[in-house]
Amino acid sequence: MQTPTCTGVRIRSTRDANVLFHAVALNILPMVVRRLDSDARMALCSGCVYVWEERCHGLPEGSEPGIERFTDGRSWGPSRARDDFLFYYEKCPSKTLTAGSSKAAKRQTMIKQTYSVYVNTPAGLRKWHLNAYYTQETVDQLITVDDIPSLRNLVVPDSYYICARASRSR
């Protein structure tokens with residue numbers, strides 16, 4: 001099963017996202033290297049954050065590292081831009097059983113927050129993505145990168161991670 005890059009975390013700003021990208025670049029945190037399987041999709045919950053590299057288009061699967069398209073098995077509404085992030089709201093979450101109850105209850109609506117950057121790697125210029133998931137009900141219970149000892153003092157070099165949205169419009 002593909003595990004998230006980190007769990008129990010919320011992304012407040014592009015600084016937080018860049019700290020996670022840099023932690024992946026330094027091998028402090030793992031990069032997601034393949035699509036989520038059914039077990040990983042079922043385990044996806046509020047606070048899961050995935051950092052993954054986009055595979056160059058047109059190349060055969062397995063010939064180049066990265067993922068062509070990240071899939072989480074959920075249905076999302078249209079994107080809404082806020083700053084350099086895109087936000088997606090889950091459409092009609094399925095019904096699940098709550099713990100200790102035999103009655104079906106509606107699952108909390110998930111929100112997906114995405115951010116993309118260009119980064120110079122030893123293999124050349126690559127596009128990295130961050131997908132962070134949370135619910136409105138749980139976002140304030142999640143920790144931030146400042147609460148993680150191995151990340152709180154991590155210094156991200158200036159201009160190392162270039163926002164993909166900004167570079168397109170400038």
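Residue numbers count from 1 along this sequence.
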*Asks:* Where is the tightest heavy-atom contact between V19 and L154, given as atom of each residue plus distance?
*Replies:*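 Shortest heavy-atom contact: O-CD2, 3.6 Å.
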
*Asks:* Assess the residue pair D37 and M1 against the criterion (side chain to side chain contact (heavy atoms under 4.5 Å, CB included)); give the C-alpha distance rounded to whole Å, side-chain angles, the decisive distance to 0.1 Å, and a yes or no.
*Replies:* CA-CA 6 Å; D37 63 18; M1 180 170 90; 3.9 Å; yes

*Asks:* How many angstroms lie between atom CD1 of I148 and atom CG of L29, to the nearest 0.5 angstrom?
*Replies:* 7.0 Å

*Asks:* Might you point out which heavy atoms bring R152 and D147 nearest each other, and give the distance in Å?
*Replies:* NH2-O, 3.6 Å

*Asks:* For T71 versus R35, what's the shortest heavy-atom pair and its separation?
*Replies:* OG1-CD, 3.8 Å

*Asks:* With the 4.5 Å side-chain cut-off for hydrophobic clustering, are V145 and V32 part of the same group?
*Replies:* no

*Asks:* Spell out, as yes or no, whether a donor-acceptor pair under 3.5 Å connects the side chain of R165 to the backbone of S116.
*Replies:*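 Between the backbone of S116 and the side chain of R165 there is no qualifying donor-acceptor contact (under 3.5 Å).
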
*Asks:* Can you check whether T135 reaches T109 side chain to side chain, under 4.5 Å on heavy atoms?
*Replies:* no

*Asks:* Working to the nearest 0.5 angstrom, can you tell me the gap between L20 CG and Y115 OH?
*Replies:*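 Going from CG on L20 over to OH on Y115, the span is 11.5 Å.
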
*Asks:* Test V49 against L130 for side chain to side chain contact (heavy atoms under 4.5 Å, CB included), laying out the working first.
*Replies:* CA-CA 7 Å; V49 179; L130 177 141; 3.9 Å; yes

*Asks:* State the CZ-CG distance between F70 and L36, to the nearest 0.5 angstrom.
*Replies:* 4.0 Å

*Asks:* Working to the nearest 0.5 angstrom, can you tell me the gap between L142 CG and C48 SG?
*Replies:*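 Taking CG in L142 and SG in C48, the distance rounds to 9.5 Å.
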
*Asks:* Mind telling me whether Y160 and H22 have parallel, tilted or perpendicular rings, with 30° and 60° as the class edges?
*Replies:* perpendicular

*Asks:* Can you name the nearest heavy-atom pair linking M110 to S46, along with the distance?
*Replies:*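 Of all heavy-atom pairs spanning M110 and S46, the closest is CE-N, 3.9 Å.
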
*Asks:* Is it possible for you to say whether V155 and L26 belong to one hydrophobic cluster, with membership spreading through side-chain heavy-atom contacts below 4.5 Å?
*Replies:* no

*Asks:* Quick check on the hydrophobic clustering: are W128 and L125 connected, directly or via other members, by side-chain heavy-atom contacts under 4.5 Å?
*Replies:* no

*Asks:* Kindly indicate, with the supporting measurements, whether the criterion side chain to side chain contact (heavy atoms under 4.5 Å, CB included) is fulfilled by Y118 and R126.
*Replies:* CA-CA 6 Å; Y118 290 106; R126 298 289 191 237; over 6 Å; no

*Asks:* Looking only at heavy atoms, what is the nearest atom pair of K127 and A164, with distance?
*Replies:*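 For K127 versus A164, the nearest heavy atoms are CE-CB, 3.7 Å.
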
*Asks:* Working to the nearest 0.5 angstrom, can you tell me the gap between T114 OG1 and I11 CD1?
*Replies:* 11.5 Å

*Asks:* As a test of understanding, state which of Q141, R10, Q113 forms a side chain to side chain contact (heavy atoms under 4.5 Å, CB included) with Y134.
*Replies:*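 Filter result, single survivor: Q113.
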
*Asks:* To the nearest 0.5 Å, tell me how far T7 OG1 sits from L44 CG.
*Replies:*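 Result: 11.5 Å between the selected atoms.
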
*Asks:* Side-chain heavy atoms nearer than 4.5 Å, only ILVMFWY residues, links allowed to pass through others: does that put Y161 and Y50 together?
*Replies:*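 No, Y161 does not connect to Y50 through the hydrophobic network.
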
*Asks:* Would you kindly check if the NZ (Lys) or CZ (Arg) of R80 is within the cone defined by 45 degrees around the ring axis of Y88 and under 6.0 Å from the six-membered ring centre?
*Replies:* no

*Asks:* Should D146 and R12 count as an ion pair when the cut-off is N to O under 4.0 Å?
*Replies:*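 Here D146 pairs with R12 in a salt bridge, since their nearest N and O are under 4.0 Å apart.
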
*Asks:* Do V117 and F21 come within less than 4.5 Å of each other through their side chains, counting heavy atoms only?
*Replies:* yes

*Asks:* When you measure from the side chain of T5 to the backbone N and O of V51, does any donor-acceptor pair fall under 3.5 Å?
*Replies:*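 Yes, the answer is positive, given that a donor and an acceptor are paired below the 3.5 Å cut-off.
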
*Asks:* Are M31 and I67 connected into the same hydrophobic cluster when the rule is that any two of I, L, V, M, F, W, Y join if their side-chain heavy atoms are below 4.5 Å apart?
*Replies:* no

*Asks:* Evaluate the side-chain proximity of E54 to H129: yes if any heavy-atom separation is below 4.5 Å, no if none is.
*Replies:*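 Yes, close enough: below the 4.5 Å cut-off.
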
*Asks:* Classify the ring geometry between W76 and Y133 as parallel (under 30°), tilted (30 to 60°) or perpendicular (over 60°).
*Replies:* tilted

*Asks:* Name the one of K112, R74, Q108 that satisfies side chain to side chain donor-acceptor pair (under 3.5 Å) with E90?
*Replies:*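 Looking at K112, R74, Q108, the match for E90 under the side chain to side chain donor-acceptor pair (under 3.5 Å) is R74.
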
*Asks:* Are side-chain heavy atoms of Q2 and V33 found at a separation under 4.5 Å?
*Replies:*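 Of all side-chain heavy-atom pairs linking V33 with Q2, at least one is under 4.5 Å.
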
*Asks:* How far apart are the closest heavy atoms of P30 and V24, and which atoms are they?
*Replies:*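 Minimum heavy-atom separation between P30 and V24: O-CG2, 3.9 Å.
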
*Asks:* Are R34 and W52 close enough, and set up right, to give a side chain to side chain contact (heavy atoms under 4.5 Å, CB included), and what steps lead you there?
*Replies:* CA-CA 8 Å; R34 63 182 180 279; W52 55 283; over 6 Å; no

